[in-house]
Amino acid sequence: MSTDATDELIVDQCDGVLTLTFNRPERLNAISGPMLAALSEQLDRANVDPEIRVVVLTGAGRGFCAGLDLKARADGDDMSGATDLRLFDLHNTPPLVLHRMDKPVICALNGPAAGYGMDLALGCDIRIASDRAKLGAVFVRRGVLPESGGTWYLPRLVGWAKAAEIAFMGDVLDAERSHELGLVNRVVPHDDLMDEVRNVAGRIASNAPYSVQATKRMMRLGMDETFETAVDHTYLQLRPMFTSEDFREGMTAFLERRDPEFKGR
(Lines give C-alpha, C1' and ligand atoms only; values in the text may rest on other atoms or scores of the structure.)
Protein backbone atom coordinates (compact mmCIF):
# COMPACT_ATOMS: atom_id res chain seq x y z
CA MET A 1 0.00 0.00 0.00
CA SER A 2 1.28 3.46 -0.81
CA THR A 3 -0.01 6.88 0.26
CA ASP A 4 1.24 10.48 0.23
CA ALA A 5 1.45 12.37 3.54
CA THR A 6 2.50 15.52 1.71
CA ASP A 7 4.22 16.22 -1.57
CA GLU A 8 7.42 16.61 0.44
CA LEU A 9 7.24 13.30 2.35
CA ILE A 10 6.40 10.13 0.43
CA VAL A 11 4.83 7.37 2.52
CA ASP A 12 4.89 3.75 1.44
CA GLN A 13 3.76 0.79 3.55
CA CYS A 14 4.33 -2.81 2.50
CA ASP A 15 4.73 -6.10 4.39
CA GLY A 16 5.00 -4.46 7.79
CA VAL A 17 7.62 -1.93 6.67
CA LEU A 18 6.82 1.80 6.50
CA THR A 19 9.17 3.76 4.23
CA LEU A 20 9.28 7.54 4.64
CA THR A 21 11.09 9.37 1.85
CA PHE A 22 12.06 13.04 2.00
CA ASN A 23 10.96 14.45 -1.33
CA ARG A 24 12.60 17.79 -2.09
CA PRO A 25 15.38 16.49 -4.31
CA GLU A 26 15.95 19.90 -5.91
CA ARG A 27 16.97 21.16 -2.43
CA LEU A 28 18.83 17.96 -1.42
CA ASN A 29 15.78 17.31 0.79
CA ALA A 30 16.37 20.31 3.04
CA ILE A 31 13.74 20.19 5.78
CA SER A 32 10.73 22.47 5.39
CA GLY A 33 7.94 23.20 7.86
CA PRO A 34 5.46 20.79 6.20
CA MET A 35 8.11 18.06 6.15
CA LEU A 36 8.74 18.47 9.89
CA ALA A 37 5.05 18.22 10.71
CA ALA A 38 4.44 15.28 8.38
CA LEU A 39 7.48 13.36 9.66
CA SER A 40 6.43 13.69 13.31
CA GLU A 41 2.87 12.66 12.43
CA GLN A 42 3.98 9.58 10.49
CA LEU A 43 6.47 8.46 13.16
CA ASP A 44 3.84 8.82 15.89
CA ARG A 45 1.36 6.85 13.80
CA ALA A 46 3.87 4.11 13.05
CA ASN A 47 4.73 3.64 16.69
CA VAL A 48 1.16 2.63 17.60
CA ASP A 49 0.09 0.92 14.37
CA PRO A 50 0.22 -2.88 14.86
CA GLU A 51 0.54 -3.35 11.10
CA ILE A 52 3.90 -1.56 11.08
CA ARG A 53 6.92 -3.42 12.44
CA VAL A 54 9.84 -1.45 10.98
CA VAL A 55 10.29 2.12 9.71
CA VAL A 56 12.76 3.10 6.96
CA LEU A 57 13.83 6.72 6.56
CA THR A 58 15.47 7.80 3.29
CA GLY A 59 15.67 10.62 0.74
CA ALA A 60 14.77 11.10 -2.92
CA GLY A 61 17.43 12.02 -5.44
CA ARG A 62 21.10 12.60 -4.65
CA GLY A 63 20.82 13.46 -0.96
CA PHE A 64 19.39 12.11 2.26
CA CYS A 65 18.80 15.48 3.91
CA ALA A 66 20.80 18.70 3.70
CA GLY A 67 19.46 19.94 7.03
CA LEU A 68 17.00 22.69 7.85
CA ASP A 69 16.09 24.86 4.89
CA LEU A 70 18.25 27.90 5.59
CA LYS A 71 17.13 29.56 2.36
CA ALA A 72 13.53 29.47 3.54
CA ARG A 73 14.63 31.00 6.85
CA ALA A 74 16.53 33.74 5.03
CA ASP A 75 13.45 34.44 2.91
CA GLY A 76 11.34 34.88 6.02
CA ASP A 77 9.71 31.46 6.32
CA ASP A 78 10.50 30.95 10.02
CA MET A 79 9.53 27.29 10.26
CA SER A 80 11.37 26.67 13.51
CA GLY A 81 9.68 29.36 15.59
CA ALA A 82 13.13 30.63 16.57
CA THR A 83 11.74 34.02 17.64
CA ASP A 84 8.84 32.44 19.53
CA LEU A 85 8.89 31.01 23.04
CA ARG A 86 7.23 27.89 21.63
CA LEU A 87 10.72 26.96 20.45
CA PHE A 88 11.14 25.36 23.86
CA ASP A 89 8.10 23.11 23.46
CA LEU A 90 9.94 20.44 21.48
CA HIS A 91 7.79 17.51 22.56
CA ASN A 92 6.44 16.66 19.09
CA THR A 93 9.48 17.55 16.99
CA PRO A 94 10.96 14.72 14.87
CA PRO A 95 14.18 14.17 16.89
CA LEU A 96 12.26 13.61 20.14
CA VAL A 97 9.52 11.57 18.47
CA LEU A 98 12.22 9.46 16.81
CA HIS A 99 14.04 8.93 20.10
CA ARG A 100 10.85 7.84 21.91
CA MET A 101 9.90 5.24 19.29
CA ASP A 102 9.82 1.56 20.21
CA LYS A 103 9.53 0.48 16.57
CA PRO A 104 12.95 -0.07 14.93
CA VAL A 105 14.01 2.66 12.50
CA ILE A 106 16.51 2.09 9.69
CA CYS A 107 18.19 4.99 7.92
CA ALA A 108 18.81 4.26 4.24
CA LEU A 109 21.56 6.82 3.78
CA ASN A 110 21.36 7.40 0.03
CA GLY A 111 23.55 10.52 -0.11
CA PRO A 112 24.77 13.46 1.96
CA ALA A 113 23.23 14.04 5.39
CA ALA A 114 24.25 17.37 6.88
CA GLY A 115 23.27 19.32 9.96
CA TYR A 116 19.73 18.44 11.01
CA GLY A 117 19.83 15.61 8.46
CA MET A 118 22.89 14.10 10.15
CA ASP A 119 21.19 14.33 13.55
CA LEU A 120 18.12 12.53 12.17
CA ALA A 121 20.34 9.81 10.71
CA LEU A 122 22.13 9.34 14.04
CA GLY A 123 18.74 9.07 15.76
CA CYS A 124 17.88 5.96 13.75
CA ASP A 125 18.72 2.53 15.17
CA ILE A 126 20.53 1.20 12.12
CA ARG A 127 22.26 3.15 9.35
CA ILE A 128 22.95 1.48 6.00
CA ALA A 129 24.92 3.73 3.68
CA SER A 130 25.32 4.02 -0.06
CA ASP A 131 28.93 4.39 -1.12
CA ARG A 132 27.90 7.93 -2.14
CA ALA A 133 26.73 8.86 1.34
CA LYS A 134 28.34 11.49 3.56
CA LEU A 135 27.75 12.71 7.10
CA GLY A 136 28.34 16.43 7.46
CA ALA A 137 28.81 17.76 11.01
CA VAL A 138 28.94 21.29 9.63
CA PHE A 139 27.17 23.11 12.48
CA VAL A 140 30.17 25.15 13.63
CA ARG A 141 30.68 26.29 10.04
CA ARG A 142 27.21 27.84 10.17
CA GLY A 143 27.50 29.46 13.59
CA VAL A 144 25.20 26.98 15.35
CA LEU A 145 25.52 23.65 17.18
CA PRO A 146 24.00 20.15 16.69
CA GLU A 147 20.57 21.15 17.96
CA SER A 148 18.61 17.98 17.25
CA GLY A 149 20.36 15.25 19.17
CA GLY A 150 23.86 15.25 17.70
CA THR A 151 25.59 16.33 20.92
CA TRP A 152 23.90 13.40 22.69
CA TYR A 153 24.30 10.71 20.02
CA LEU A 154 27.78 11.40 18.68
CA PRO A 155 29.81 10.87 21.90
CA ARG A 156 27.84 7.72 22.64
CA LEU A 157 28.49 6.32 19.18
CA VAL A 158 32.18 7.13 18.73
CA GLY A 159 33.47 8.23 22.14
CA TRP A 160 34.21 11.69 23.47
CA ALA A 161 37.54 12.36 21.73
CA LYS A 162 36.38 11.35 18.24
CA ALA A 163 33.09 13.20 18.70
CA ALA A 164 34.95 16.33 19.76
CA GLU A 165 37.21 16.15 16.72
CA ILE A 166 34.31 15.68 14.31
CA ALA A 167 32.08 18.34 15.87
CA PHE A 168 34.67 21.02 16.64
CA MET A 169 36.27 20.82 13.19
CA GLY A 170 32.96 20.63 11.31
CA ASP A 171 34.06 17.43 9.57
CA VAL A 172 32.39 15.89 6.53
CA LEU A 173 32.81 12.11 6.66
CA ASP A 174 32.50 9.94 3.57
CA ALA A 175 30.80 6.54 3.73
CA GLU A 176 33.95 4.50 4.39
CA ARG A 177 35.15 6.82 7.16
CA SER A 178 31.68 6.76 8.71
CA HIS A 179 31.84 2.97 8.68
CA GLU A 180 35.31 2.90 10.23
CA LEU A 181 34.06 5.09 13.07
CA GLY A 182 30.96 2.95 13.64
CA LEU A 183 28.53 5.66 12.54
CA VAL A 184 27.03 3.41 9.87
CA ASN A 185 26.47 -0.34 10.09
CA ARG A 186 27.54 -1.12 6.55
CA VAL A 187 28.30 0.46 3.18
CA VAL A 188 26.91 -0.96 -0.04
CA PRO A 189 27.06 0.05 -3.71
CA HIS A 190 24.59 2.84 -4.34
CA ASP A 191 22.37 0.83 -6.68
CA ASP A 192 22.10 -1.96 -4.08
CA LEU A 193 21.12 0.27 -1.16
CA MET A 194 17.36 -0.21 -1.07
CA ASP A 195 17.60 -3.94 -1.73
CA GLU A 196 19.94 -4.25 1.25
CA VAL A 197 17.70 -2.10 3.42
CA ARG A 198 14.60 -4.09 2.46
CA ASN A 199 16.43 -7.31 3.29
CA VAL A 200 17.40 -6.06 6.75
CA ALA A 201 13.94 -4.58 7.38
CA GLY A 202 12.29 -7.82 6.28
CA ARG A 203 14.41 -9.90 8.64
CA ILE A 204 13.50 -7.64 11.55
CA ALA A 205 9.82 -7.59 10.57
CA SER A 206 9.73 -11.41 10.55
CA ASN A 207 10.58 -11.54 14.27
CA ALA A 208 8.10 -11.23 17.15
CA PRO A 209 7.19 -7.52 17.05
CA TYR A 210 6.66 -7.02 20.78
CA SER A 211 9.96 -8.76 21.48
CA VAL A 212 11.78 -6.44 19.09
CA GLN A 213 10.06 -3.35 20.49
CA ALA A 214 10.64 -4.32 24.12
CA THR A 215 14.29 -5.04 23.35
CA LYS A 216 14.68 -1.58 21.83
CA ARG A 217 12.94 0.07 24.78
CA MET A 218 15.14 -1.73 27.31
CA MET A 219 18.27 -0.81 25.36
CA ARG A 220 17.21 2.84 25.25
CA LEU A 221 16.28 3.06 28.94
CA GLY A 222 19.33 1.05 29.92
CA MET A 223 21.63 3.80 28.67
CA ASP A 224 20.61 5.88 31.70
CA GLU A 225 20.07 3.11 34.28
CA THR A 226 22.24 1.13 36.64
CA PHE A 227 22.75 -2.52 35.75
CA GLU A 228 20.53 -3.67 38.63
CA THR A 229 17.69 -1.36 37.58
CA ALA A 230 17.98 -2.43 33.95
CA VAL A 231 17.79 -6.12 34.88
CA ASP A 232 14.73 -5.48 37.06
CA HIS A 233 12.94 -3.52 34.32
CA THR A 234 13.81 -6.17 31.76
CA TYR A 235 12.29 -8.91 33.90
CA LEU A 236 9.07 -6.93 34.28
CA GLN A 237 8.92 -6.59 30.48
CA LEU A 238 9.59 -10.29 30.03
CA ARG A 239 6.91 -11.74 32.31
CA PRO A 240 3.83 -10.90 30.21
CA MET A 241 5.57 -12.19 27.09
CA PHE A 242 5.41 -15.72 28.51
CA THR A 243 1.62 -15.61 28.11
CA SER A 244 1.63 -14.30 24.54
CA GLU A 245 0.65 -16.21 21.40
CA ASP A 246 3.95 -15.20 19.83
CA PHE A 247 5.91 -16.84 22.66
CA ARG A 248 4.00 -20.09 22.16
CA GLU A 249 4.51 -19.84 18.38
CA GLY A 250 8.23 -19.24 18.84
CA MET A 251 8.63 -22.28 21.09
CA THR A 252 6.45 -24.48 18.87
CA ALA A 253 8.32 -23.47 15.72
CA PHE A 254 11.65 -24.20 17.41
CA LEU A 255 10.52 -27.69 18.43
CA GLU A 256 9.04 -28.34 14.98
CA ARG A 257 12.16 -26.99 13.26
CA ARG A 258 10.29 -24.47 11.13
CA ASP A 259 10.24 -20.72 10.73
CA PRO A 260 7.80 -19.03 13.13
CA GLU A 261 4.88 -16.93 11.92
CA PHE A 262 4.41 -14.16 14.46
CA LYS A 263 1.10 -12.29 14.67
CA GLY A 264 1.96 -9.62 17.22
CA ARG A 265 -0.35 -11.14 19.82
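Along the sequence shown, residues are numbered consecutively beginning with 1.
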Colleague: Rounded to the nearest 0.5 Å, how far does CD of Glu249 lie from OG1 of Thr252?
Modeller: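 Answer for the OG1-CD pair, Thr252 versus Glu249, is 6.0 Å.
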Colleague: So, taking the atom named CG in Asn47 and the one named CD in Gln42, what distance separates them when rounded to the nearest 0.5 Å?
Modeller: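 Answer rounded to 0.5 Å: 12.5 Å.
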Colleague: About how many Å separate CG of Asp49 and CD of Glu51, when rounded to the nearest 0.5 Å?
Modeller: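 Atom-to-atom, Glu51:CD and Asp49:CG are 6.0 Å apart.
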Colleague: Short question: side chain of His179, backbone of Asn185 - any donor-acceptor pair under 3.5 Å?
Modeller: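 Here the side-chain-to-backbone pair exists.
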Colleague: Should Val54 and Val188 be counted in the same cluster of Ile, Leu, Val, Met, Phe, Trp and Tyr side chains packed under 4.5 Å apart?
Modeller: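 Both belong to a single hydrophobic cluster.
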Colleague: Return yes when atom CZ of Arg62 has more than 12 non-hydrogen atoms of other residues, nucleotides or ligands closer than 6.0 Å, and no otherwise.
Modeller: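 Not buried by this count: 12 neighbours or fewer within 6.0 Å.
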Colleague: When you measure from the side chain of Asp246 to the backbone of Ala208, do you find a donor-acceptor pair of N or O atoms at a distance under 3.5 Å?
Modeller: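 The answer is no, because no donor-acceptor pair under 3.5 Å joins these two groups.
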Colleague: Counting only heavy atoms from other residues, nucleotides and ligands, does the tally under 6.0 Å from CD of Glu261 exceed 12?
Modeller: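 Result for CD/Glu261: open.
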Colleague: Give a yes or no answer on whether the side chain of Arg248 reaches the backbone of Thr243 with a donor-acceptor pair at less than 3.5 Å.
Modeller: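 Confirmed, Arg248 side chain pairs with Thr243 backbone.
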Colleague: Counting neighbours of CZ on Arg203 that are heavy atoms of other residues, nucleotides or ligands and sit closer than 6.0 Å, is the number greater than 12?
Modeller: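 No, not enclosed.
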Colleague: Is there a donor-acceptor contact under 3.5 Å from the side chain of Thr21 to the main chain of Ala60?
Modeller: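 No.
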Colleague: With a 4.0 Å cut-off on N to O distance, would you call Lys263 and Glu245 a salt bridge?
Modeller: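 No salt bridge links Lys263 with Glu245.
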Colleague: Determine yes or no for a side-chain-to-main-chain donor-acceptor pair under 3.5 angstrom, with Arg257 supplying the side chain and Phe254 the backbone.
Modeller: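 Side chain of Arg257 to backbone of Phe254: no pair is present.
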Colleague: Does Val184 form a side chain to side chain contact (heavy atoms under 4.5 Å, CB included) with Ile128? I'd like the steps, not just the answer.
Modeller: CA-CA 6 Å; Val184 301; Ile128 300 175; over 6 Å; no
Colleague: Quick one: do Leu98 and Ile31 end up in the same hydrophobic cluster if we chain Ile, Leu, Val, Met, Phe, Trp and Tyr together by side-chain heavy atoms under 4.5 Å apart?
Modeller: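 Hydrophobic grouping puts Leu98 with Ile31.
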Colleague: Does a sphere of radius 6.0 Å around CG in Asp15 hold more than 12 heavy atoms from other residues, nucleotides or ligands, not counting ones at 6.0 Å or beyond?
Modeller: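 Incorrect, the count does not exceed 12.
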Colleague: Is it the case that atom CZ in Arg220 sees more than 12 heavy atoms from other parts of the structure closer than 6.0 Å?
Modeller: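 Atom CZ in Arg220 is crowded, with more than 12 foreign heavy atoms closer than 6.0 Å.
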Colleague: Following the transitive rule for hydrophobic clusters with a side-chain heavy-atom cut-off under 4.5 Å over Ile, Leu, Val, Met, Phe, Trp and Tyr, establish whether Ile126 and Met101 coincide in one cluster.
Modeller: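 No, separate clusters.
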Colleague: Tell me whether the count of non-hydrogen atoms from other residues, nucleotides or ligands lying under 6.0 Å of NZ in Lys134 goes above 12.
Modeller: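 Count not over threshold, so no.
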Colleague: With rounding to the nearest 0.5 Å, note down the distance linking CG in Leu43 to CG in Leu57.
Modeller: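 Answer rounded to 0.5 Å: 7.0 Å.
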Colleague: Consider only side-chain heavy atoms of I, L, V, M, F, W and Y, link residues closer than 4.5 Å, and tell whether Leu135 and Val105 are in one cluster.
Modeller: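 Linked within one cluster.
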Colleague: Hey, is the main chain of Glu8 close enough, under 3.5 Å, to the side chain of Arg24 for a donor-acceptor pair?
Modeller: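 It does not hold such a pair.
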Colleague: If you measure from the Lys or Arg side-chain nitrogens to the Asp or Glu carboxylate oxygens, is any gap between Asp174 and Arg177 under 4.0 Å?
Modeller: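 Answer for the salt bridge query: no.
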Colleague: So does Leu173 get a backbone contact from the side chain of Asp171, meaning a donor-acceptor N/O pair under 3.5 Å?
Modeller: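 No.
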Colleague: Please confirm whether the backbone N or O of Gly59 pairs with a side-chain atom of Asn29, one donor and one acceptor, at under 3.5 Å?
Modeller: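 No, Asn29 side chain to Gly59 backbone: no donor-acceptor pair under 3.5 Å.
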Colleague: Determine the minimum heavy-atom distance between Pro94 and Leu120, stating which atoms define it.
Modeller: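 Looks like CB-CD2, 4.2 Å.
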Colleague: Can any side-chain N or O of Asn23 pair as donor or acceptor with the backbone N or O of Asp7 at less than 3.5 Å?
Modeller: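 Yes, Asn23 side chain to Asp7 backbone: donor-acceptor pair under 3.5 Å.
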Colleague: Quick check: are there more than 12 heavy atoms from other residues, nucleotides or ligands sitting under 6.0 Å from OH of Tyr210?
Modeller: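 Incorrect, the count does not exceed 12.
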Colleague: Is the count of non-hydrogen atoms from other residues, nucleotides or ligands lying under 6.0 Å from Met169 atom CE greater than 12?
Modeller: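 It does not: Met169 CE has 12 such atoms or fewer within range.
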Colleague: For residues Phe242 and Met251: do they belong to one hydrophobic cluster (side chain heavy atoms under 4.5 Å, members Ile, Leu, Val, Met, Phe, Trp, Tyr)?
Modeller: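 Shared cluster, yes.
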Colleague: Could you check whether Lys216 pairs with Asp125 (Lys NZ or Arg NE/NH1/NH2 to Asp/Glu carboxylate O, under 4.0 Å)?
Modeller: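 Yes, this pair counts.
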Colleague: Check Glu176, Glu196, Glu180 against Arg186 for a salt bridge (Lys or Arg N to Asp or Glu O under 4.0 Å) and give me the one that passes.
Modeller: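 Of all the options given, the one that passes is Glu196.
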Colleague: Are Arg100 and Asp44 close enough, and set up right, to give a side chain to side chain contact (heavy atoms under 4.5 Å, CB included), and what steps lead you there?
Modeller: CA-CA 9 Å; Arg100 291 195 303 262; Asp44 271 332; 4.3 Å; yes
Colleague: Side chain to side chain contact (heavy atoms under 4.5 Å, CB included) for Leu181 and Lys162? Distances and angles first, verdict last.
Modeller: CA-CA 8 Å; Leu181 290 168; Lys162 288 295 185 184; 4.1 Å; yes
Colleague: Any idea which heavy atoms bring Gly61 and Pro25 closest together, and the distance?
Modeller: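 Gly61 and Pro25 have their closest heavy atoms at CA-CB, 4.2 Å.
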